[in-house]
Q: 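Quick one: structure below, then a few questions.
Lettering of chains follows the sequences in order, A, B, ..., and the numbering in each one begins at 1.
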There are 4 protein chains.
Amino acid sequence: MKLGVKARVEDAALVERRRRQVVNAAIATFGKRGYHASTVRDIAKQAGVSVGLIYRYFGDKEDVLFLAIVDVLDSYRRRIPAGTAGITDPLERLRAAVHAYCSVIDANVDATVLAYRETKSLRKARRNVIKQKEAETNALLARYVEDCIAAGIFDKRLDVALFVYQIVMFAHAWALKAWHFRPRMSVDEYVARGLELILNPPLGVSRLRRPASAWRRTRGRRGRSP
Amino acid sequence: MKLGVKARVEDAALVERRRRQVVNAAIATFGKRGYHASTVRDIAKQAGVSVGLIYRYFGDKEDVLFLAIVDVLDSYRRRIPAGTAGITDPLERLRAAVHAYCSVIDANVDATVLAYRETKSLRKARRNVIKQKEAETNALLARYVEDCIAAGIFDKRLDVALFVYQIVMFAHAWALKAWHFRPRMSVDEYVARGLELILNPPLGVSRLRRPASAWRRTRGRRGRSP
Amino acid sequence: MKLGVKARVEDAALVERRRRQVVNAAIATFGKRGYHASTVRDIAKQAGVSVGLIYRYFGDKEDVLFLAIVDVLDSYRRRIPAGTAGITDPLERLRAAVHAYCSVIDANVDATVLAYRETKSLRKARRNVIKQKEAETNALLARYVEDCIAAGIFDKRLDVALFVYQIVMFAHAWALKAWHFRPRMSVDEYVARGLELILNPPLGVSRLRRPASAWRRTRGRRGRSP
Amino acid sequence: MKLGVKARVEDAALVERRRRQVVNAAIATFGKRGYHASTVRDIAKQAGVSVGLIYRYFGDKEDVLFLAIVDVLDSYRRRIPAGTAGITDPLERLRAAVHAYCSVIDANVDATVLAYRETKSLRKARRNVIKQKEAETNALLARYVEDCIAAGIFDKRLDVALFVYQIVMFAHAWALKAWHFRPRMSVDEYVARGLELILNPPLGVSRLRRPASAWRRTRGRRGRSP
DNA sequence: CATGAATGAGGATTCATTCAT
DNA sequence: CATGAATGAATCCTCATTCAT
């Protein structure tokens, strides 16, 4: 009864296996044609099972979408730490994390776009689960960023929350704007050029302390005295 | 027969008026419930017209979606220049453009998300029109960025293409992640904090470190020493 | 929105007409094959309309069943008074009522059986409406019976409630056991023989007053002198 | 291969036992939710066996319904004689039979209603078996009635066939109109009051009036002259 | 030009039945 | 003999689209 989705089959291992089988097919199908345009029959065919089987492992079509999206988000949370394993230098670790993030997305462009397009097709409670999953991934990145701050690599006044979102959007953009980027460069190049743009400012550049009220407008030339 | 959508009614002015009426209703309806979950009846009711009428001004439901998305994208292209009118300082103009962009999006969060979610529901030819519209908006921003470079405010080696996309994603994020940002800050604060993050690097900060294997063409140390 | 069933069409007269058309078809179809075994398509075909149309005048298949059963019961309540119009002699009026009741049932055997079989397929609230309708018909008969008592034709100690149910069951039996009776006699004969059985005792035969508690058991010899 | 229902299991005693187990579950389940609304899984669960097992002892779902209804009718035929055992007075025996009949029905209201509702769901040949069973029960009662006539308790011109049906309908009404009667009286009271109504005429009461056109063979004035 | 009643193809879902273990 | 996972035909219902008024 994982995440509120209940199966009509007991054997937990079988449920796990069948659900993976169907979810993979669903990601492929939804990813290609979208949720509403995909029929349950399409998914069944793609998964090589009968329509009936799907309904023995999922309550309804929305359940399939839900677990598909959860699966995508979980793969981020699993692979980002995997991609940074063993790296101790905080900045290199952050770079590696971004690279890992973009790589998973690159391997799952359709799935990522799916998560964006169709989360709204879920009922509220489930949208919240999705947001929670996303928050967890963001927390991973936030940790790496904070490590950089702690190590003195990034300025301590860095706007961490927004910075993390900048990274997230950068990674997601590889999927959301794949039609633009993919014909023009590899993920690796994308990451390299993107990090260049994103990282330089935090990189030890001192930020003038600014009064809290001073958001917006006039920002004087700055920093980095020689 | 604007953009390949043809009406069964002659009077051009009427066509224009009716289409606007329907498109506005469609943006509201699609934005709230999504394209597939919205019925043509929903749109008709929202627009205060009959279902039949819609089919006299649009070929089918997809036509409505198409013109709705086009309308959204056009509003960006119209309002960004409007928001920068009269500003001569290149950097301030860019800032103003970003602010304008985020403001339009703020005023049309649902519509923006709609464009993201449902562009894939259009047939290929029309998706390309949408991409073209988006490219035009991007070109607008690129122009402002290049003005900054020309004015010596940004380093001439700035990765303009990616930088523009960074801005675009930043603006879109306000809609795509509205559930996160909106409860936490105003658009104005969002723009101020975001520009802080985004603009600093192009603002001529020397880059201290480069990845061992420098992606892409060599980039010399740079610029803009005081 | 008669009886909680709502149409998606405004024109009340049209709703009335279409519903009658569909209900008639439904009574025929349900009556022949039963509710569950009849498909909405069957009903549509029988009514000479499209499936879609049915759903514009009824919320779902159960609504059709409901209005079909209501229609049957209403026809009883309408035709029994019609069959007794002008008859002033209380006993003759009761006889006429029974005859009318059995005649309507004879004209609608399938529909009557339908009401018996499928009322349980309705949700509780609607079952109660049905019961109410039935009670109204019973009240009609009860009135006629009481008139006979008032006229001194029936003994005033007659168990009216049960007597009415006896009549009701007698009438319904013509439908419920149609397979038995119909090959053996006409409704007219059925009514005549039945009334013979049913009416004789109340017909002025004095009933020994019996203590209220004496229900059941020992009933002294009566009538029937040795 | 009882009554044309064949098992895929040899052991006759086992077949008997399993079928009883399943039939009991089926009566409970069908009785509660009706035949069509009950799934084979429901029955299996209620019986504490697997779905597969049911198909080893019954050909299909209809077989289960058939044997369930047969079982109900058989219980009538078994318990009516049981309820009259040892009673020699013909009238008392008839009274006892009616009481026994109503008591079995009271103990199986759902099952009785089931037989009414769902007999039509059986194919013709089986409906005939059911009718035959019912006829056998009726024959039982007819015998008791005729004994009363033979004993001179009932008039010999009594319309036996219809009189028996009157009794049958009276008994069935306790189930068919249970929602009405059960809250108002006990079975015992029901039987007592009902017999009062039913028996009086056969008990040799003179018939005062006859319809102008006397249906059926002439019936002379009888018994009990004033 | 505007309306909205009517259509019916298409899709989600259920459940009787089979069969490998 | 017993199980229950798997199947897919069958059904309800929706909704884009048409067309007579």
Q: Closer to the 5' end of DNA chain E via nearest nucleotide, is it V40(A) or S50(B)?
A: S50(B)
Q: Can you tell which of dA5(E), dA2(E), dC1(F) lies closest to the side chain of V9(C)?
A: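 The listed nucleotide nearest to V9(C)'s side chain is dA5(E).
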Q: Could you tell me if K61(C) sits above the aromatic ring of Y35(C), with its cationic atom closer than 6.0 Å to the ring centre and no more than 45 degrees from the axis?
A: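 The answer is yes, since K61(C) meets both limits relative to Y35(C).
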Q: Taking atom P of dA9(E) as reference, at what distance in whole Å does atom NZ of K61(B) sit?
A: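 Whole-Å distance recorded here is 20 Å.
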Q: With a cut-off of under 6.0 Å to the ring centre and 45° to the axis, is R19(C) in cation-pi contact with F58(C)?
A: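 Checked: cation-pi criterion met.
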Q: Does R18(A) make a side-chain N or O approach to OP1 or OP2 of dA6(F) shorter than 4.0 Å?
A: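 For dA6(F), OP1 or OP2 has a side-chain N or O of R18(A) closer than 4.0 Å.
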Q: Give a yes/no on whether any side-chain N or O of R56(A) is located under 4.0 angstrom from OP1 or OP2 of dA6(F).
A: no
Q: dA2(E) phosphate, OP1 or OP2: any side-chain N/O from Y57(B) under 4.0 angstrom?
A: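 For dA2(E), OP1 or OP2 has a side-chain N or O of Y57(B) closer than 4.0 Å.
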Q: Going by purine N1 to pyrimidine N3 plus the second Watson-Crick contact, or the G-U wobble pair, all under 3.5 Å, which nucleotide sits opposite dT21(F)?
A: dA2(E)
Q: Give the rounded distance in Å between these two atoms: NZ of K45(B) and P of dG4(E).
A: 11 Å
Q: Considering the options D60(A), I54(A), T29(A), which one meets the side-chain contact (heavy atoms from CB on, under 4.5 Å) requirement together with V40(A)?
A: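 Among D60(A), I54(A), T29(A), the one that satisfies the side-chain contact (heavy atoms from CB on, under 4.5 Å) with V40(A) is I54(A).
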Q: Please tell me which of the listed nucleotides, dA5(E), dT11(F), dT3(E), lies nearest to the side chain of T39(C)?
A: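 So the side chain of T39(C) is nearest to dT11(F).
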Q: Tell me what E62(A) touches on the nucleic acid: a base, only sugar-phosphate, or nothing, going by heavy atoms under 4.0 Å.
A: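 E62(A): no heavy atom of the nucleic acid under 4.0 Å.
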Q: Under 4.0 angstrom, heavy atoms only, what part of the nucleic acid is D11(C) near: base, sugar-phosphate, or nothing?
A: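 The answer is nothing, as D11(C) stays clear of every strand by at least 4.0 Å.
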Q: Whole-Å distance between dA10(F) P and R41(C) CZ?
A: 13 Å
Q: What I want to check is whether the side chains of S50(B) and R56(B) have a donor and an acceptor closer together than 3.5 Å.
A: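 No, because no side-chain N or O of S50(B) sits under 3.5 Å from a partner of the opposite role on R56(B).
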Q: Before accepting this row, confirm whether a basic side-chain N of the pair D71(A)/R20(A) lies closer than 4.0 Å to the acidic partner's carboxylate O.
A: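 Yes, charged N to carboxylate O under 4.0 Å.
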Q: Which residue lies toward the 5' end of DNA chain E, Y55(A) or G52(B), if each is placed at its nearest nucleotide?
A: G52(B)
Q: Side chain of V51(D), heavy atoms from C-beta onward: which of dT13(E), dA5(F), dA2(F) has the nearest atom to it?
A: dA5(F)
Q: Using whole Å, report how far CG of L53(B) lies from P of dT17(F).
A: 15 Å
Q: When we call it a touch if two heavy atoms are under 4.0 Å apart, what does L14(C) touch: a base, just sugar-phosphate, or nothing?
A: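 The answer is sugar-phosphate, as L14(C) gets under 4.0 Å only of primed atoms, P, OP1 or OP2.
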Q: Toward the 5' end of DNA chain F, which comes first, G59(C) or D60(B), by nearest nucleotide?
A: G59(C)
